[in-house]
Every structure is written in C-alpha cells, then in structure tokens.
Amino acid sequence: MLSFLDMINHYLGYINVSVKLKNRIYTVLGALGNLYLFYIGFRYLQNGHPFWGLLILAIAVVMLYFVYLNTMYYFTKKKAPFDISPKIEKWLHMKPKDADLETGKPVIGGRNIPANGYFDEKKILPGKLSSSTIELQNIQNLATRLQQNQLMQLDYSGLGDREITDQVRKLGKPVYASGPGVLIPYFEMQTEGKQLVVYAGINQAEKQRVGTVATVGLQQVADVQDQIELYLANATLVGGPFKVLGRTSLIEQDNDFQVAVQLAYKHQGSTPTTTSRVTREASPVTPTRESEPMTRTSRYHH
C-alpha cells in the first residue's frame, strides 16, 4: 500500500498542475496512507503484539491531526482550530511559504530569458510608456493572444481565496490574476523621429505598437537622449484583473493590462557595456504606483 502511494506521489511530480490542486491530491493520498497505518496497528493488536500495535496507532493519530489541518486548509476557507503549524515552523526554524512576499520579491517558476539578450543590471533603469487609445487596445489584444497560446494563466498563480486574502493583508496591495507579470515573447524598440516607440507581440510577425517611452529612471527621455544611448532590455505584461479585500470577502475587479519596460543605457561614445557574461533571471517589473489598478474610489484622485 505504501509503495503504491509513493509511486503515485512520484508520478505527480511530472504533471503540470496548479499548486493548490497538487496539494489537495497529496492530502487525499496522506489520508489513505493514514488509514493503512490504522489497519496495521489493529492487526498487530489482534495478533498479540500490543506494544507495536499501540505505537503504530499513536503515530496514526498524530498523522490524522495533520491530515485534518491540510483538509481544512486546502478544501475549505475556514481556519482549523488548535493549529500548531506556526509553533512547529518557529521551533524548526522553517521559512513559511509566503516569506518571499514580505520581501517584495515576486515568486515565479521557471527561467525567463529576455528576447533582447542579457544586459548589465547596473546599467538598467525602469522606463514608463505613454500609450494612446489604439496602443492600449493593442496591449489588451496581446494579453488575449498570450492566453490563447497558454503563455499566460489568469489563475492567481494557483492560489485560493484564503491565500490571496493572506497576501493582501500582509502586503497591503491587490493580487493580480496574472501574477507578478508575464515576460512578453517578442519586443523591440525603434527610433521614429525623436520618439522611442516600443513594439510587442507573441512573435515578430504579430508585433504591434504598444507605446512610446516617456521617461527613463526619473528623467524625461528627451532630456537624456543627447547624453546616453538607450536599448530595450525587458518588456513585461502587468496588470489585468485583480482581487482586493471588501467588507466581508474578496472582490475581483477588472483592469486593463499594461506593458512595463526596462531600458539599458550607455554613454555616448563609450565602449559597449550592455551585454554581460553573467547570466541572470529576468525579473518581471511589478506594477508601480502609477500602474496600480484604479478602483472606483481611487480613480477620482487621478
């Protein structure tokens, strides 16, 4: 029986399912394994081995408590009474799974490689796009195409309402259905007159104009173009639907998607320093204050 459960647990590692669904499956498997422990314990008692029988039953009772905690956590929205998990984490010096959220670092899976190559992170600044109505619609179309090609999942990173509620309370920010951001498969920047125009799409054939770079760092692009050369290092799709806390429960609100960019630079006449041999993961740009979702009350302050 235990070998069978271990085999199922092993093969689950090859299936790409949401974290919450996988944990529910593990909870069910744990419950089946716990029932098997009770069976073994009673068989030892029937065969005249009270010490081993009672020992196994005692272990089974302890394991049953943890199965109960997991059942409450992954199958309901209620908090289990007498939950000793925080005390165990403190005693064993374990790091909670939401600890990364407190540092403000988005947790993302896999390795995102920017389409424009690697740049020295010391030579990269955040940029801000200015988009027209047509360009904003192009961004929404790009979001649709990413979903159609399964390059973006609006599933809140597999989190349930309870986990989302915990995140909102800890960070004081809304939780986006698209997660911390999705790296756009293809993007480029072209100089058109004195403007730096950004194009993006799921590939080069479907690229569309998504905006003009208005600022780099804290300065207007027009003020620094004569001093430095700019390169588009990263373009990320951010925003979209999000959840916030209402009076009694979570409220989901619609919001437009946006494109957040990062720009690499070098001084005029200097040797190229944008490329780097040090590989790193491209960190999606999380929505800044300017790109925070606009609620019914906050929109009057813009």
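Fair warning: this is a prediction, and the values are worked out from it, not measured in the lab. Sequence positions, counted from 1, serve as the residue numbers for this chain.
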Does any part of the side chain of [Y], heavy atoms only, come nearer than 4.5 Å to the side chain of [X], both counted from C-beta?
X      : Y      : answer
Ile202 : Ile184 : no
Gln167 : Leu159 : yes
Leu57  : Phe38  : yes
Phe187 : Leu232 : yes
Val28  : Phe75  : yes
Thr236 : Asn234 : yes
Gln225 : Leu196 : yes
Leu263 : Ile124 : no

Worksheet item: Between Leu250 and Val244, does a side chain to side chain contact (heavy atoms under 4.5 Å, CB included) hold up when you go through it step by step?
Response: CA-CA 6 Å; Leu250 287 173; Val244 292; over 6 Å; no
Discussion item. Applying side chain to side chain donor-acceptor pair (under 3.5 Å) to Gln262 and Tyr231, what does each step give before you reach the verdict?
Written reply: CA-CA 9 Å; Gln262 290 180 321; Tyr231 306 89; over 6 Å; no
Looking at [atom1] of [X] and [atom2] of [Y], how far apart are the two atoms once the value is rounded to the nearest 0.5 Å?
X      : Y      : atom1 : atom2 : result
Ile59  : Leu54  : CD1   : CG    : 11.5 Å
Gln153 : Gln147 : CD    : CD    : 8.0 Å
Leu230 : Tyr265 : CG    : OH    : 10.0 Å
Leu125 : Leu218 : CG    : CG    : 8.5 Å
Asn138 : Thr133 : CG    : OG1   : 11.0 Å
Thr215 : Lys128 : OG1   : NZ    : 6.5 Å

Discussion item. Assess the residue pair Gln140 and Asp256 against the criterion (side chain to side chain contact (heavy atoms under 4.5 Å, CB included)); give the C-alpha distance rounded to whole Å, side-chain angles, the decisive distance to 0.1 Å, and a yes or no.
Written reply: CA-CA 7 Å; Gln140 311 317 309; Asp256 289 338; 3.7 Å; yes
Practice prompt. Begin with the C-alpha distance, continue with both residues' side-chain angles, and end with the deciding distance and a verdict on side chain to side chain donor-acceptor pair (under 3.5 Å) for Glu188 and Gln190.
Written response: CA-CA 7 Å; Glu188 65 178 33; Gln190 298 180 5; 2.4 Å; yes
Return the minimal non-hydrogen interatomic distance between [X] and [Y], and the atom names on each side.
X      : Y      : value
Val238 : Pro180 : CG1-O, 4.2 Å
Val182 : Met152 : CG2-CG, 3.6 Å
Ala235 : Leu183 : O-CD1, 3.6 Å
Phe242 : Asp254 : CE2-O, 4.2 Å
Gly201 : Pro185 : O-CD, 3.9 Å
Tyr176 : Gly240 : CD2-O, 3.9 Å

Is there a path from [X] to [Y] through hydrophobic residues (I, L, V, M, F, W, Y) whose side chains come within less than 4.5 Å of each other?
X      : Y      : value
Ile40  : Leu55  : yes
Val62  : Met72  : yes
Met63  : Ile56  : yes
Val259 : Leu136 : yes
Leu237 : Leu154 : yes

Fill in: Asn149 side chain vs Arg145 backbone, donor-acceptor pair below 3.5 Å
yes
Item to complete: Please check if atom CG in Asp226 has more than 12 non-hydrogen atoms from other residues, nucleotides or ligands closer than 6.0 Å.
Response: no
Item to complete: Mark yes when over 12 heavy atoms from residues, nucleotides or ligands other than Tyr39 sit less than 6.0 Å from its OH; otherwise mark no.
Response: no
Discussion item. I'd like to know whether Ser131 forms a side chain to side chain contact (heavy atoms under 4.5 Å, CB included) with Ile139, so could you lay out the CA-CA distance, the side-chain angles of the two residues, the decisive distance to 0.1 Å, and finally the verdict.
Written reply: CA-CA 9 Å; Ser131 302; Ile139 296 174; 4.1 Å; yes
Worksheet item: Side chains of Gln208 and Glu206: is there a donor and an acceptor less than 3.5 Å apart?
Response: no
Discussion item. Pairing donors with acceptors under 3.5 angstrom, does anything connect the side chains of Tyr156 and Glu252?
Written reply: yes
Practice prompt. Could you walk me through whether Tyr73 and Arg24 pass the side chain to side chain contact (heavy atoms under 4.5 Å, CB included) test, one step at a time?
Written response: CA-CA 9 Å; Tyr73 189 84; Arg24 285 182 173 180; over 6 Å; no
Worksheet entry | Qualifying residues under side-chain contact (heavy atoms from CB on, under 4.5 Å), relative to Tyr65, sequence neighbours excluded | Leu69, Ile84
Item to complete: For Gln46, check side-chain contact (heavy atoms from CB on, under 4.5 Å) against everything at least two apart and list the hits.
Response: Arg43
Fill in: Parallel, tilted or perpendicular, as decided by the 30° and 60° cut-offs, for the rings of Tyr44 and His49
perpendicular
Practice prompt. Pick out which of Leu171, Thr165, Ile164 makes a side-chain contact (heavy atoms from CB on, under 4.5 Å) with Val168.
Written response: Ile164
